[in-house]
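Report on one structure; see the data block that follows.
Not measured: the values here are computed from a predicted model.
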Amino acid sequence: MKKIIFLPTFRYLSDPIFENLYSQFKKYNYEIHYIDTFIFHREREYKHKVFDYYYDMEWEYERNLFKKVFFKYKRYEKFKEKLIKLTQKINPDAIISTSDMGIDFRILKYYFSHIPFFVIQSGWFINKRNKYNSLYFINSLFHEPLFNKQKVYMNEYKDTYLLLWGKHFKKYINRSDESKIYVCGNIELDTLLSKQKSFINNFNKKVLITLPVINEAFLKPNKIITMIEKLIKKYKN
């Protein structure tokens, strides 16, 4: 039986994708291990019961820059040891995540480089693909992947398999070799659009509802406003 490790990021992004994948993998008798490190969320009361195995392994997140640099290593060593032991026990055939920016992903990529790693696009891209992390140099001092190299996800490594929503997003990937980049759509969005398209076309007037511009993390407010203006001009009714 083949084994797959799922590494979630923000649950509202990761879980719909993982749950769809799980139903497909089970058809081929795969065993799914969901390792929750709580790096991207703090939902302590939530325990995932969909997958075959669920592991609660919390990473202690620190926002203070001083503590982040000088006290991170101690916590890192403890976390790394637990994660490596668990991964060795599982002995996975592949590791799948929705981001390559988490400390859990970097540790596994560093110590289990022989395993195929897949990163599934789960959100929009920041429009600065070469924005590097100034703390990356610390990695060479400790010989450990403590900090990510850059600040645009899916660009951290050159040898991971990337699954993108569409061809448009390839321009955000800083790779000369595209042999491991696949355009496969988005399970949730594609399903939603296919169901809603015919329904929406039955109405002469459309209403555009957006989230507050200030809360959009991946696009600058002026760009969001420009996009909305273009949509309004395109659909004047």
Side-chain angles (χ1 to χ4, degrees), residues 1-10 13-35 37 39-40 51 80 83-84 86-88 90-133 136 139-140 143-191 218:
M1 178 182 290
K2 293 195 174 185
K3 302 175 182 179
I4 306 292
I5 286 179
F6 284 170
L7 290 178
T9 53
F10 297 105
L13 294 175
S14 296
D15 284 2
I17 294 174
F18 287 164
E19 287 171 9
N20 274 286
L21 285 176
Y22 177 75
S23 63
Q24 297 301 315
F25 278 130
K26 294 311 291 181
K27 294 178 182 178
Y28 301 96
N29 203 31
Y30 279 69
E31 187 176 274
I32 305 302
H33 298 256
Y34 185 104
I35 302 179
T37 56
I39 292 173
F40 293 89
F51 308 111
K80 180 189 75 173
L83 184 59
I84 289 176
L86 176 59
T87 305
Q88 289 173 335
I90 296 172
N91 190 25
D93 295 279
I95 296 174
I96 301 175
S97 184
T98 48
S99 176
D100 54 4
M101 303 291 281
I103 189 69
D104 49 357
F105 190 98
R106 294 200 303 276
I107 290 172
L108 294 182
K109 189 72 176 70
Y110 189 84
Y111 287 96
F112 298 90
S113 58
H114 61 285
I115 298 175
F117 283 76
F118 294 81
V119 184
I120 303 175
Q121 182 181 354
S122 61
W124 211 264
F125 287 91
I126 301 173
N127 197 25
K128 291 182 179 179
R129 67 177 183 178
N130 294 320
K131 188 176 182 182
Y132 292 99
N133 188 349
Y136 179 69
N139 291 4
S140 60
H143 302 287
E144 294 286 350
L146 290 167
F147 297 94
N148 51 286
K149 183 186 295 184
Q150 46 70 56
K151 297 185 177 181
V152 183
Y153 86 114
M154 301 188 86
N155 277 290
E156 189 71 11
Y157 303 94
K158 304 294 184 183
D159 59 345
T160 51
Y161 292 90
L162 305 183
L163 282 65
L164 303 179
W165 290 354
K167 293 181 180 179
H168 164 78
F169 296 101
K170 280 189 177 183
K171 70 180 182 180
Y172 297 98
I173 306 300
N174 191 19
R175 285 190 189 183
S176 56
D177 180 9
E178 297 185 352
S179 61
K180 291 187 177 181
I181 300 177
Y182 297 90
V183 175
C184 57
N186 177 286
I187 298 173
E188 291 298 307
L189 291 180
D190 292 346
T191 303
F218 300 113

Minimum heavy-atom distance [X]-[Y], with the two atoms named:
X	Y	answer
Asn29	Met1	O-CG, 3.1 Å
Ile181	Lys170	CG2-CE, 4.1 Å
Trp165	Ser122	CZ2-C, 3.5 Å
Phe117	Phe112	CE1-O, 3.3 Å
Thr98	Ser14	OG1-OG, 2.7 Å

Do side-chain atoms of [X] reach the backbone of [Y] as a donor and acceptor pair under 3.5 angstrom?
X	Y	answer
Lys26	Tyr30	yes
Asn155	Tyr172	yes
Lys158	Asn174	yes

Side-chain touch [X]/[Y], heavy atoms, less than 4.5 angstrom:
X	Y	answer
Glu178	Ile173	no
Ser99	Phe105	no
His33	Leu86	no
Lys180	Asp159	yes
Ile107	Thr87	no

Practice task
Over 60° means perpendicular and under 30° means parallel, so classify the ring planes of Phe6 and Phe25, tilted if in between.
Solution key: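 Geometry flag for Phe6 against Phe25: tilted rings.
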
Problem - Charged N-O contact under 4.0 Å between Glu156 and Arg106 - result: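 Answer for the salt bridge query: no.
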
Handout entry: Phe118, CZ: over 12 other non-hydrogen atoms inside 6.0 angstrom
Key =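 Buried by this count: over 12 neighbours within 6.0 Å.
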
Practice task
Show your working on side-chain contact (heavy atoms from CB on, under 4.5 Å) between Ile96 and Ile17 and close with a plain yes or no.
Solution key: CA-CA 11 Å; Ile96 301 175; Ile17 294 174; over 6 Å; no

What's the spacing between [X] [atom1] and [Y] [atom2] if we round to 0.5 Å?
X	Y	atom1	atom2	answer
Ile35	Ser97	CD1	OG	10.5 Å
Phe18	Ser23	CZ	OG	13.5 Å
Ile90	Ile4	CD1	CD1	11.0 Å
Asp104	Ile95	CG	CD1	9.5 Å
Leu7	Asp100	CG	CG	11.5 Å
Lys109	Thr160	NZ	OG1	7.0 Å

Exercise for the section: May I have the step-by-step check of side-chain contact (heavy atoms from CB on, under 4.5 Å) for Lys80 and Tyr111, ending in yes or no? Expected result: CA-CA 10 Å; Lys80 180 189 75 173; Tyr111 287 96; 3.2 Å; yes

